[in-house]
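What follows is a set of notes on a single structure, which appears directly below.
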There are 2 protein chains.
Amino acid sequence: MGWGDLGAFGEPSKETPNLDQMAAEGMLFLDFYTANPLCSPSRAALLTGRLPVRNGFYTTNGHARNAYTPQDIVGGIPDSELLLPELLKKAGYTNKIIGKWHLGHRPQFHPLRHGFDEWFGSPNCHFGPYNNRERPNIPVYRDWEMVGRYYEDFKIDLKTGEANLTQLYLQEALDFISKQQASQQPFFLYWAIDATHAPVYASKQFLGTSQRGLYGDAVREIDDSVGKILKHLQQLGISENTFVFFTSDNGAALISAPRQGGSNGPFLCGKQTTFEGGMREPAIAWWPGHIPAGGVSHQLGSVMDLFSTSLSLAGLQPPSDRQIDGIDLLPVILQGKLIDRPIFYYRGNELMAVRAGLYKAHYWTWSNSWEEHGKGIDFCPGQSVAGVTTHTQEEHTYLPLLFHLGRDPGEKYPLSFTSEEYQRAMERISGLVQQHKDTLVPGQPQLNVCDQAVMNWAPPGCEKLGKCLKAPESDPQKCSWPH
Amino acid sequence: MGWGDLGAFGEPSKETPNLDQMAAEGMLFLDFYTANPLCSPSRAALLTGRLPVRNGFYTTNGHARNAYTPQDIVGGIPDSELLLPELLKKAGYTNKIIGKWHLGHRPQFHPLRHGFDEWFGSPNCHFGPYNNRERPNIPVYRDWEMVGRYYEDFKIDLKTGEANLTQLYLQEALDFISKQQASQQPFFLYWAIDATHAPVYASKQFLGTSQRGLYGDAVREIDDSVGKILKHLQQLGISENTFVFFTSDNGAALISAPRQGGSNGPFLCGKQTTFEGGMREPAIAWWPGHIPAGGVSHQLGSVMDLFSTSLSLAGLQPPSDRQIDGIDLLPVILQGKLIDRPIFYYRGNELMAVRAGLYKAHYWTWSNSWEEHGKGIDFCPGQSVAGVTTHTQEEHTYLPLLFHLGRDPGEKYPLSFTSEEYQRAMERISGLVQQHKDTLVPGQPQLNVCDQAVMNWAPPGCEKLGKCLKAPESDPQKCSWPH
C-alpha cells in the first residue's frame with residue numbers, strides 16, 4: 001500500500017472512511033517510513049527493530065539489489081535475532097501472527113519458533129498457481145502445521161480477483177481478540193494482511209465497489225476490516241487499553257498499476273526504489289483516551305520504531321547487547337514531542353540515501369537497469385527526473401544529490417551544489433552518515449542462496465492432508481536479484 | 001493553487017488548518033474543475049457561467065493556444081456578457097471585488113461597469129517591476145480610480161518575497177462584510193487574492209513559517225486569512241446566512257516549482273495544460289446549518305457552477321437568452337445528489353479533452369512545443385508519459401486517448417483501443433462531444449490583439465497622484481501566444 005492510498009492522505013476517491021476515522025480519532029504520521037522498499041526486509045526490520053543490513057535480510061549477490069524470501073530461499077530470520085514477540089513473552093503477552101510471515105519458510109524460521117504463539121497465514125507471498133512439479137503451491141499454516149495450499153484449498157481467482165482471505169484474516173483477528181479479552185491476557189496481534197499485493201484480491205462483496213478498480217476493492221475491504229477490528233475493541237471495552245498502529249511495508253508497486261497497484265501520492269516512483277514513493281508509508285496510531293484525537297505528526301518515524309514503542313508499552317527495555325534502530329515513539333504520540341533522528345534508505349547493503357529533517361541526500365540513484373526497463377519493468381511509470389531516476393547505478397557519494405522534501409516532496413529539483421543551503425545541510429548529513437557507517441556491523445546475509453529443494457514441497461502437516469510433494473535434489477545457487 | 005496544496009487534499013506538510021477546518025465543517029469537492037488551465041479565461045467563465053469559447057476569452061492566433069490579459073491586451077469582457085454581480089443587483093446585492101480582476105483593463109472593461117459596486121485590487125497580474133518606459137507598473141484601484149502602482153506604492157520585494165497585499169485584501173474583506181452586516185444588505189464578495197501566483201509573496205509574519213518555502217508561506221497566509229473571514233462571519237452572526245466557496249482558477253504552475261509553485265497531488269502536469277494537474281482544483285463549500293459537516297462530493301463541478309449556484313441562492317434565474325455552462329449545485333450540496341454532466345477541457349478554441357463519469361478522453365494532447373521545452377519551459381517537470389505529454393500537438397480525434405481517472409488519476413495508462421470498456425465509454429463521450437459541438441456558438445475572440453498603447457499608462461485617477469505616463473503610439477499586433 002502506498003502513502004497516497006488513504007483518504008486521509010489525499011487519495012482522490014476518498015474510499016477509506018474507517019481508516020480516515022481512525023486517523024481522526026488518533027494520530028496521523030506524515031513522515032513515516034518503512035525500512036526497505038520491499039516486503040521481507042521491511043517485515044524483518046519491524047519485528048527486530050533493526051535495519052535489514054543488521055538482521056541479515058539483504059543480499060550481497062550484486063550491488064544495491066533488493067531481495068526477499070521466495071520459495072527457494074535458503075535463508076530466513078537468524079536465531080540470534082530477538083523478535084518483538086519473543087521479548088513480549090516476558091511481560092506475559094500472547095502473540096499471534098495472522099497473514100504473511102515472509103521471514104523464511106524452512107522449519108528453523110517458523111514464526112512459532114520466534115516468539116509467536118499462534119499463526120494463521122502463509123510463509124510466502126500468495127503467488128501462483130503452480131503445477132506442483134517445478135514449484136509447489138504456497139501452503140497456508142495454522143500454528144505449526146499447514147492446513148492447505150493457495151489456489152487449491154484457499155482459492156484466489158486471478159480472473160475476477162476474488163478471494164475471501166481478508167475475511168478469514170479478519171475473523172481470525174476478531175476471535176483472537178475475544179479470546180484474549182475473555183482470558184484477561186495481554187496480547188500482541190501482528191495482522192499482516194496482503195490483499196493489496198499483486199495478485200490483488202478482494203472478497204465477493206467488495207468486488208467492483210471501488211472507483212479505483214480491483215486494487216481499490218482490496219483497499220476498501222482492508223479499510224472495512226480495520227473498522228470492524230477497532231469497533232470490536234471498543235465493544236469489548238478494551239480500546240483504551242489497546243494500542244493500534246496501521247502502516248505498510250513498502251510503497252505502492254507502480255509496476256502493477258493501475259489495476260493492481262496503488263498510489264504514492266505526490267512522491268516519486270514506487271516499491272523497489274529508495275525514492276519517497278518506495279518507502280514513505282501511510283501511518284496511523286490509535287489509542288482512545290491516550291492519544292489526543294486528530295493529531296498530526298511530522299516525526300520522522302520508521303516501522304522499526306514499532307518494535308521499541310511496543311516494548312515500551314509493555315514496560316520492557318530493548319535488548320542492550322545489539323544496535324536497535326527503532327526509537328520509542330511514545331513521547332511523540334502522547335506528548336507531541338519531536339525527536340531528531342535520521343532515516344536511512346538501503347537497497348541491499350548499500351546506503352542509497354539519508355533523510356535528516358526536511359533534507360534528503362541521495363548517495364546512489366537507481367530505479368532499475370536499462371535491460372529490465374526495456375522489457376517494460378518500470379518502477380517509475382510516467383515519471384522521469386533527469387539524473388535522478390537513473391537506469392544505471394549512479395554514484396553520488398562525493399557530491400550527494402540533495403532535495404528539500406518540504407518544498408519538493410516529489411524529489412524533482414536537486415539543490416544547487418554551490419548553494420549555502422547545500423553546504424549547510426550536507427555538513428550535518430555527512431556527520432550522520434559517517435557515524436552510521438563507523439558503527440555498522442552487518443549481519444550475515446540471509447538472501448544470497450536459493451535452492452529448489454527447500455521450496456514448500458512437504459511442509460509439516462502435509463501427510464494428514466495428503467499434500468506432501470517430492471522435493472527435487474538439492475542444487476544451491478546464488479539467487480538472482482535483478483534490481 | 002493546485003489540487004494538492006491543502007492538507008484536506010493530502011498535502012504532505014498539512015499546513016492549512018483553517019481550510020481543512022472549513023472542509024470538516026462543510027463539503028469537500030474532489031472532482032471540481034476550473035474552466036481553463038489559466039487565469040483570465042477561468043475568471044471570465046466563473047463570472048459569466050460560460051465557457052471561455054463562448055464569452056470570448058480565447059484566441060484564434062494559433063491552434064490550441066492559451067491566452068490571458070497582459071497589459072497590452074486590447075480585448076476584455078464584452079458588454080454583451082452578463083456577469084454574476086450584474087444579475088445579483090436585481091436581488092438587491094452589493095457586490096465587491098477584492099484583488100485580481102483580469103477581465104480587461106481598458107475603461108470599458110472596468111469591473112464597476114460590469115456589476116461590481118466596489119473594487120480594491122488590480123486589473124492585471126502583479127508582474128514587475130517595470131521601468132515605466134517600455135511598460136508601466138501595474139496600477140492598484142480603489143473603485144473607479146487608481147490609488148498607486150505595484151512595486152511603487154504597493155511593495156513586493158522579489159528578493160525576500162515580502163508583500164503585505166494579502167493582509168490588505170483581508171482587511172478590505174472584513175471591513176466590507178462588517179459594513180454590509182451593519183446595513184443589513186445582502187452581499188457578494190469576490191475575494192480574488194493572488195499571493196500564490198508567481199512572483200509569489202507573503203507578509204512578514206508568514207515568511208519562513210512553512211516547510212514548503214515561500215510558496216507555502218503564501219498558502220499559509222491565505223489559509224490564515226480564510227480562517228479569519230469565516231470567524232468574522234460567525235462573530236457577526238451571519239455565517240448561517242452566508243454561502244462561502246473556496247477554489248482556484250488553475251492548477252499549480254509547476255514551471256514555478258518548487259520555490260514559487262505548488263502541488264497538483266497525484267495528477268499529471270500543471271497550469272497551462274489540459275491534464276488533470278492543470279484543471280482539477282481544490283474546492284470547499286461552507287454554509288453552517290445548511291451544508292452537512294464533513295461531506296465529500298464526487299460531483300463533477302466547475303467554477304462556472306458558482307455562477308448558477310449563486311443565482312439560485314439569491315432566488316434568481318440564469319439568463320435564458322444564451323447558453324450557460326454552469327449548473328446549480330444546491331441539490332448536490334444540500335441533498336447529496338449527483339448530477340450527470342461532462343467537463344470540457346479547452347485550450348484556446350480547441351476542445352482538448354472531455355470527462356464523463358470517471359472516463360476522460362483526450363482529443364488533442366500537448367504540453368508545449370519542443371522549442372519552448374528546449375528553453376527550460378516545462379509544464380510537466382519530472383513527468384513524461386509517452387504519447388500523452390507530447391511536445392507536438394497530437395490529434396486523437398479519430399481515436400481519442402482514454403483514461404479511467406478512478407484507477408488512474410495520473411493519466412498514465414491509456415485504455416486499450418480494442419477493449420470493450422473503451423468502446424462503451426467512447427460511445428457515450430462521442431455523443432456528448434457531438435452535441436456540444438453542434439450547439440456551440442463561439443464568442444468574438446477577445447485575446448487576439450495586443451497594443452502597447454493600451455497598457456496602464458494613465459489609468460483614471462493618475463492625475464491626482466502625479467502618476468500619469470505618456471502612452472506610446474498605437475501599434476496593434478497579433479498577440480503572441482507560444483503555448
Side-chain angles (χ1 to χ4, degrees), chain A residues 2-15 17 20 24 28 30-31 210-216 254 257-261 263-269 276 280 294 296-298 357-358 378 380-386 388-389 403-413 415, chain B residues 2-15 17 20 24 28 30-31 210-216 254 257-261 263-269 276 280 294 296-298 357-358 378 380-386 388-389 403-413 415:
Chain A
W3 191 93
D5 274 327
L6 307 186
F9 288 81
E11 204 291 318
S13 303
K14 290 230 187 276
E15 294 177 339
D20 298 352
L28 200 62
L30 296 166
D31 299 75
S210 166
Q211 294 188 13
R212 306 179 64 198
L214 182 56
Y215 183 88
L254 299 185
R259 189 172 145 86
Q260 307 239 349
S263 164
N264 297 315
F267 301 122
L268 186 63
C269 301
E276 289 299 286
R280 190 139 19 153
V296 169
S297 178
H298 285 291
L358 283 166
D378 190 352
C380 312
Q383 299 181 310
S384 170
V385 184
V388 178
T389 55
F403 295 93
H404 185 285
L405 295 177
R407 295 198 297 271
D408 176 23
E411 294 167 283
K412 293 190 171 75
Y413 310 93
L415 269 74
Chain B
W3 192 92
D5 275 327
L6 307 186
F9 287 82
E11 204 290 318
S13 302
K14 290 231 187 275
E15 294 178 338
D20 298 352
L28 201 62
L30 296 166
D31 298 75
S210 165
Q211 294 188 13
R212 305 179 66 199
L214 182 56
Y215 183 89
L254 299 185
R259 189 172 146 86
Q260 308 239 349
S263 164
N264 296 315
F267 300 122
L268 187 62
C269 301
E276 290 299 285
R280 189 139 18 153
V296 170
S297 179
H298 286 290
L358 283 165
D378 190 352
C380 312
Q383 299 180 310
S384 171
V385 185
V388 180
T389 55
F403 295 93
H404 186 285
L405 295 178
R407 295 198 296 272
D408 176 22
E411 295 167 283
K412 292 190 172 74
Y413 310 93
L415 269 74

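Residue numbering restarts at 1 for every chain, and letters A, B, ... go by the order of the sequence lines.
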When rounded to the nearest 0.5 Å, the distance separating CD of B:Glu276 from SG of B:Cys269 is 11.0 Å

Cut-off 4.5 Å, heavy atoms of chain A, and the answer for B:Ala386 is neither

Requested in this report: State whether the side chain of B:Asp408 and the backbone N or O of A:Pro258 hold a donor-acceptor pair below 3.5 Å, judged by distance alone.
Outcome: no

When the 4.5 angstrom heavy-atom criterion is applied to B:Pro409 and chain A, the contacting part is side chain

Turns out that what part of A:Leu28 lies under 4.5 Å from chain B's heavy atoms comes down to side chain

Most heavy-atom pairs under 4.5 Å with chain B, out of A:Lys14, A:Gln383, A:Glu15, A:Arg259, belong to A:Lys14

Residue set satisfying salt bridge (Lys or Arg N to Asp or Glu O under 4.0 Å) with B:Arg407, at least two apart, ordered chain then number -> B:Glu421

From the list A:Pro266, A:Gly10, A:Gly382, the residue making the most non-hydrogen contacts under 4.5 Å with chain B is A:Gly382

Those residues at least two apart in sequence (or on a different chain) that pass side-chain contact (heavy atoms from CB on, under 4.5 Å) with A:Leu358 are A:Arg355, A:His404, B:Gln211

Review point. Would you say A:Ser263 and A:Arg212 make side-chain contact, with heavy atoms under 4.5 Å?
Key: yes

Find out whether A:Arg280 and A:Leu405 are in side-chain contact, i.e. whether some heavy atom of one side chain is under 4.5 Å from a heavy atom of the other. yes

Assert top hit (heavy-atom pairs under 4.5 Å, partner chain A, pool B:Gly261, B:Ala8, B:Ser13, B:Ser210) equals B:Ser13

Whatever's closer than 4.5 Å to a heavy atom in chain A on B:Tyr215 counts as neither

